[in-house]
Structure formats: C-alpha cells, structure tokens
Amino acid sequence: MAYEPSEGLYAGAAFLPTVELMNAKTDPAVFDSLYAKILQNLQGNNVLDAAGNVTKNGMISAIQLPNDAAKKKVYADMAAAISAVLGTRKDVNPGIPARVYLTGNKWHKDVEKFKINAYGMADYNSSDVILFFPPKTYVGISLKKKPMTTAASPTLINNAFSKFIEGPNLTQVRSQLNDHRIKFFAGVIKEACVPGGPLQGIASTKKDIAKLNPNNIQDAKLLWDMKVDRQKGNKIEKIALINLKGENELSRDGLIKKAQAAPSQMSFRNFVNDKLKSTGGRLNPLYSGFLEIMNKPAVSNTLADALLTRVLKLNLLDELNTWKQAEFGFFLTEGVGTVDNNLKPSIGNANMVNIHSVMIAMATLSKQPARMELDKQKTFARDAAKVFFTLYKGKTPVLEIELRYKGSFTAMPQFFAGITPEFKKLIRSGF
DNA sequence: AGCACTAACGCAACCCGGAT
DNA sequence: ATCCGGGTTGCGTTAGTGCT
C-alpha cells in the first residue's frame, strides 16, 4: 500500500500530552511545533513495526516536507491525526499508550495474533495502528480522515462484485453475469466503432464490425476481445478496447485505418460512462443485470449479510482467540481536520465508533431480515455512471452502498459502503 | 509430447485525489 | 460537491519456456 501519512502522524501524535494537542487546535505556532515532535516519536522506539521496518520507514518518508505543497498536505493530515488522537483520549483511554504498532505490511510479533484472515479479507482486522496500554490492553484503530465535520465520510470499504458470487454453487450465476456484461459492452464497442461513433475506423475484427450482433454471444465476444495498442511513455501495450480512454492514447502504429476517421467529439471513456448512466427513471441495462443477480435467492441471502460482516466487522471480536492473553478493542476512527493556505489548522471533533456499540446496535436488529434495495432517489436524481443501494435490516437503513466501475471495464464493478445516519444514531443511542 | 517451473498479466483492495 | 480514476501491492491465473 502507499503509505498513508495520517497513520504515521497519528502514531507519533499518540505520545504527545493532551494539553499540547489541545493547544494545537487554537494556536498555529503550537501546531507547527508539534510536527518535529511527532516525527521524532514516529522514529523512536515506541512505534513498532515488523522486522525490517518497511511500514515505519515508509511512514517516515511519507511525512517529509520537501516543498510547500507537500507541507500543506502533511499538515492537513497532521490536523486530522491530532483530531483522531484527541478522540481516542476522550472515548478510548485518557492516557498515553506505552507502544503503538503499525500494521501496514507485516504485523509485529506482539500483535500478529490479532491479524485475522476471514470473510474473504486477508486483514479482517482492519486496524491501521494498534495501541498498547499495559498490562494487557490493545486497541485497534481503523483510521479515516476528512477535512471538515460537514464533509462526507470516506467509505469504509470497497469490494468487487465478484467477491460476492464466488463458490461452486454459483457457477451458473457467474457465467450468466459474464455473458450479460460482455453483450452489453459489445454493444457499446460496436456503436463506438461504426460510422458516427467516437472510435470509427480505428479497429477491426476478422468479421465486419457493422455485421456483428452484440446480442449473440459469439459475436459479442469478438467485440469484447478487441485489443488496441496504447502508447504509454515509450511503451506500447495492448489493452482491451473497452478500456481505451480516447483516440489520443493510441499508438500511431495501432491505427488500423486513420484516413476517414472523423475526429471524435467525445472521448471514448466519456462515451462508455454515458452508457452506464440511468436516465429517464430507467435503471441502466448493465446494472439492472447486476441487480437481477443480487436478487437471486442464492445470492441475496448472503450478499447483505456478507456486506454487513465485512463493513461493520461484526465478527471481529468473536474471531479473536486471544482473550486469555489480552484485551482487544476496536474503533472506527474518523479524524476531522485540515489546514488553510497559511497552515493554520482547523481541528474538529473526531468520530469514534466502538465496535462493541456496533455489535449492540446490530443485535437489536438481528432478527430482522437483511436486504439490498435500489436507492432510486440517488440513482436517478444524478447523472452518473453508477447505481446506489441501501442495505436494510428490517426497516432500518444500515449501509449506504454505491456500485460503480473504477478505471477498468474488464474488471468487475465495486461496492463502496458506508454507515447510514440512521444507523449511526442507533449506534450512539446504544451507550 | 507432456510436465514443471517461471514470468507476465489481470484483478481486487487498500489508500484517497484531481478535475470540473 | 460530485464524479470517477490513480498508485501501489499482493494474489491467483494464464501464458511462456525449458527440460525430459
């Protein structure tokens, strides 16, 4: 992973006295002075990484200040990190931890026992840092950041659609979905390549494109399998045509027929994204295929529960078998902070969600059936190449979920999930 | 030809960030 | 504020290579 500066800054700030952190909220000079202390703490012996210190060194280099632009970014992250540490002091433990473990790559042997491979996630325990309070209390912090209290919360996870239709009993479902998306994109490719389309005349198949029928799977595969040469730096690479962004990316040698190609008015990527929009109150045909799969009993019975388990870490504490040796707490932590152009900090109250509270809130809903419902309002009210769902437990909306492509159309789209305001309220009332 | 090993590739999952 | 892609890493699959 690229090293997330806020995590290293959090680790370093975790050792600062509360009063200094509080003063930094209102005094830019104090705030500025904390940078050196945080860096020193991060470099010190109480921030631990696995042998080799790959993560620790990565963090240290991620928070260097080679220029003003870097400084602004790092300081903004420092504001969010300070917010998160203050939140930790308030809601987890008012003291200073004896040690902080970084979990970016390999986990230190002291905390390796908390690493859990479960529910299709190598790190089901998604702690970014783990605090240690002697004699035997460990607290995992999953750290997120946002600039202002009013800013949208970052999504908790993204998971590819394909992760929810794995296994031997869903072979048919997978191949049905595959055919559906191949036919859909084949239609897009054909429309782009025939006269009037944005890629007219740039590629060919062994058959005349105009005569291919995208609804016939053999023809569709010919279109789907089309490759083009993309020039990237000095290299020319073959990529799936559907992933081309625009004619400008093509290697000149890759042009099959440039002569009569009209200059495209719209890049191919925009053309494809337009085809993924739901317009006129009608769900986009590609996504409606995905929705159909989601509604199949074999899928729907597990999809919602799998999302809940993964996003909310509902089984994290149950999966641990370390209770005789150690206490383990887990908090979803959202530091709120940024700096202005003069590096003056604005540090808000962090949002701290205790996994215990999530579990209690979910327990009150445990008997209610989970289901995914298309969020028509969000899906149709905007002009975007994606669809929105709400995951309900009974009548309570628990997760807000977005399904969209992310850079590649040959890969599966991904779910992006966050907690609904309603469920946040329920979590808080559980105290 | 058939097999074993390796290199290359593609996809998913982390982290958001740039563009508009 | 919203949209949608980037960088990076790791893993699983496929393609390629060399050996018997």
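Quick note on labels: first sequence line is chain A, next is B, and so on, each numbered from 1.
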Just to confirm, is there a sub-4.0 Å distance from OP1 or OP2 of [N] to any side-chain nitrogen or oxygen of [X]?
| X | N | value |
| --- | --- | --- |
| Lys238(A) | dA15(C) | no |
| Asn273(A) | dG5(C) | yes |
| Arg382(A) | dC3(C) | yes |
| Lys386(A) | dC3(C) | yes |
| Lys146(A) | dC15(B) | no |
| Ser162(A) | dC11(B) | no |
| Thr410(A) | dC11(B) | yes |

Whole-Å gap separating [atom2] ([N]) and [atom1] ([X]):
| X | N | atom1 | atom2 | answer |
| --- | --- | --- | --- | --- |
| Ile157(A) | dC16(B) | CD1 | P | 14 Å |
| Lys406(A) | dC14(B) | NZ | P | 12 Å |
| Tyr405(A) | dC3(C) | OH | P | 18 Å |

Options [options], nucleotide nearest the side-chain atoms of [X]:
| X | options | value |
| --- | --- | --- |
| Lys145(A) | dG5(C), dA12(B), dC16(B) | dC16(B) |
| Arg404(A) | dA12(B), dC4(C), dC14(B) | dC4(C) |
| Ala385(A) | dC4(C), dC11(B), dC15(B) | dC4(C) |
| Lys144(A) | dC16(B), dC3(C), dA12(B) | dC16(B) |
| Lys277(A) | dC4(C), dA13(B), dC14(B) | dC4(C) |

Hydrogens and angles aside, do Asn341(A) and Lys72(A) bring a side-chain donor and acceptor to less than 3.5 Å of each other?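 Asn341(A) vs Lys72(A): donor-acceptor pair found between side chains.
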
Reading DNA chain C from 5' onward, which residue's closest nucleotide shows up sooner: Thr150(A) or Phe409(A)?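 It is Thr150(A), whose closest nucleotide lies nearer the 5' terminus.
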
Does Pro413(A) or Phe416(A) map to a spot on DNA chain B nearer the 5' end, using the closest nucleotide for each?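 Its nucleotide being nearer the 5' end, the pick is Pro413(A).
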
Kindly say whether the aromatic ring centers of Tyr138(A) and Phe328(A) come within a distance under 6.0 Å.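 No; Phe328(A) has its ring centre 6.0 Å or more from that of Tyr138(A).
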
Of Leu399(A), Leu374(A), Leu307(A), which is the lone residue that meets side-chain contact (heavy atoms from CB on, under 4.5 Å) with Phe389(A)?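 Exactly one pass, corresponding to Leu374(A).
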
Among Asp77(A), Thr333(A), Thr88(A), Asp128(A), whose side-chain hydrogen bond (donor to acceptor under 3.5 Å, both in side chains) with Tyr10(A) holds?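 Single pass found, and it is Thr88(A).
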
Should the pair Arg310(A) and Phe164(A) be classed as cation-pi, given the thresholds of under 6.0 Å to the six-membered ring centre and 45° from the axis?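 So Arg310(A) does make the cation-pi contact.
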
